[in-house]
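Working notes, structure below.
First the proteins, then the strands, lettered A, B, ... as listed; each starts at 1.
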2 protein chains.
Amino acid sequence: MLRSYVIDEKGKEHIFLFAPENWVMTDSTARNTPCKLFIDAIENSEVYILEKGKEDKIELQKILNRLEALQNRVLMMMCSTALERYEHFIKTYPKIIQRVPQRMIASYLGITPEALSKVKGKPKK
Amino acid sequence: MLRSYVIDEKGKEHIFLFAPENWVMTDSTARNTPCKLFIDAIENSEVYILEKGKEDKIELQKILNRLEALQNRVLMMMCSTALERYEHFIKTYPKIIQRVPQRMIASYLGITPEALSKVKGKPKK
DNA sequence: TCAAAGCATTAATCTAGATTAAGATTTCGG
DNA sequence: CCGAAATCTTAATCTAGATTAATGCTTTGA
């Protein structure tokens, strides 16, 4: 399991994506531009490296899945409350919840660990 | 110039992307799943249609650019204030500003038109 | 030419979630 | 097994941006 994240100008981490088994993990920043993401393993992982510029070797379907995931992620950040994002996350990625500490889930959802604690206490209507 | 947007459960529109000349506009929702986005033209436009499932006909580079744009959009929504997002937008897409009404810029930035008005009044440090 | 509708701005409140600060609970090296 | 450090939770405040509402400013079309 890998994670990618930015560190903002206040030094705060924001998790961009988790990558469990068989996922492609990448910083999509254009070539010749400094990358924005940090990537590290949060479990022991076996990783295959693909050189920058060899993106055509990745299965098209995986790229299309990524586009879908990112579209959903943007819409989620724009339209939904913290509670709705949390509920969507546990429904969509139930496996990941088991493997990742709360504070990283919070970071991925774009909220603080405190806010996540509060939200978890809520009766999900 | 096209725009794509969702309508949330409260009936509110949220603009996902603008597409000026030569951009690919798509709803990346997986096949056999109902689309999420509405797309319409905000200027007279000449549009080329690509059938769903023929994504391999799109230049790889355009797909990679899209990935980069979406990555930046997610990070922007997670890390930046309304003012920062606005400043980034006018720097990155100065042409679009000229062609699109304020309220659509606000929607794209994930804020209300009122908040955008306020933010524009601010001395940009 | 003028009324009506849509658009932008300003200002007064309100609220989801941030921040701050304590506890409580789990994890883990030695 | 124990103590220290990290993690999670709870609660009190604070704040960016939402909501509401009122006031002008463009369009537009009849």
N/O donor-acceptor pairs under 3.5 Å from side chains in residues 31-39 of chain A, not counting sequence neighbours:
residue	atom	partner	partner atom	Å
Thr33(A)	OG1	Ala30(A)	O	3.4
Thr33(A)	OG1	Arg31(A)	O	3.4
Lys36(A)	NZ	Asn72(B)	OD1	2.8

| Leu116(B) CG to dA18(D) P, straight-line distance once rounded to whole Å | 10 Å
| said: Counting neighbours of CD on Glu51(A) that are heavy atoms of other residues, nucleotides or ligands and sit closer than 6.0 Å, is the number greater than 12? | reply: no
| field | Arg85(A) CZ - dA16(C) P separation (whole Å) | value | 13 Å
Distances under 3.5 Å between nitrogen or oxygen atoms of protein and nucleotides 20-24 of chain C:
none

| Minimum heavy-atom distance Cys79(A)-Glu84(A), with the two atoms named | O-OE1, 4.1 Å
| request: If a pair satisfies salt bridge (charged side-chain N to carboxylate O under 4.0 Å, His left out) and one of its residues is in residues 7-27 of chain B, list it, with sequence neighbours excluded. | output: Arg3(B)-Glu13(B), Glu21(B)-Arg99(B)
| query | To the nearest angstrom, how far is Met77(A) atom CE from dG17(D) atom P? | reply | 13 Å
| said: Which residues pass the side-chain hydrogen bond (donor to acceptor under 3.5 Å, both in side chains) test with Tyr86(B), not counting sequence neighbours? | reply: none
| query | Within less than 4.0 Å of OP1 or OP2 of dT19(C), is there a side-chain N or O belonging to Lys10(A)? | reply | no
| Is any side-chain N or O of Thr112(A) closer than 4.0 Å to OP1 or OP2 of dG17(C)? | no
| request: Starting from C1' on dT15(D), measure out to CG on Leu83(B) and report it in whole angstrom. | output: 15 Å
| message | Taking Ile105(B) as the starting point, is it possible to reach Met76(B) by hopping between hydrophobic residues whose side chains are less than 4.5 Å apart? | response | no
Distances for protein N or O near nucleotides 5-8 of chain D N or O, under 3.5 Å:
residue	atom	partner	partner atom	Å
dT7(D)	OP1	Arg103(A)	NH2	2.7
dC8(D)	OP1	Gln102(A)	N	3.0
dC8(D)	OP2	Arg103(A)	N	3.3

| note | To the nearest angstrom, the NZ-C1' distance between Lys118(A) and dT15(C) comes to 11 Å
| said: Ignoring hydrogens, what is the shortest heavy-atom contact between Pro94(A) and Lys91(A)? Give both atom names and the distance. | reply: CD-O, 3.5 Å
| Nearest heavy atoms of Met1(B) and Val100(B), plus distance in Å | CE-CG2, 4.1 Å
| message | Rounding to 10°, can you tell me the angle the first-five-pair axis of the helix from dT1(C)-dA30(D) to dA22(C)-dT9(D) makes with its last-five-pair axis? | response | 30°
| message | Using 30° and 60° as the class boundaries, would you call the ring planes of Tyr93(B) and Tyr108(B) parallel, tilted or perpendicular? | response | perpendicular
| query | What are the two closest non-hydrogen atoms of Val74(B) and Arg73(A), and how far apart are they? | reply | CG1-NE, 4.0 Å
| message | Please check this pair: side chain of Ser107(B) against backbone of Ile15(B), looking for a donor-acceptor N/O pair closer than 3.5 Å. | response | yes
| remark: In whole angstroms, the gap separating P of dA16(D) from CD of Glu84(B) amounts to 12 Å
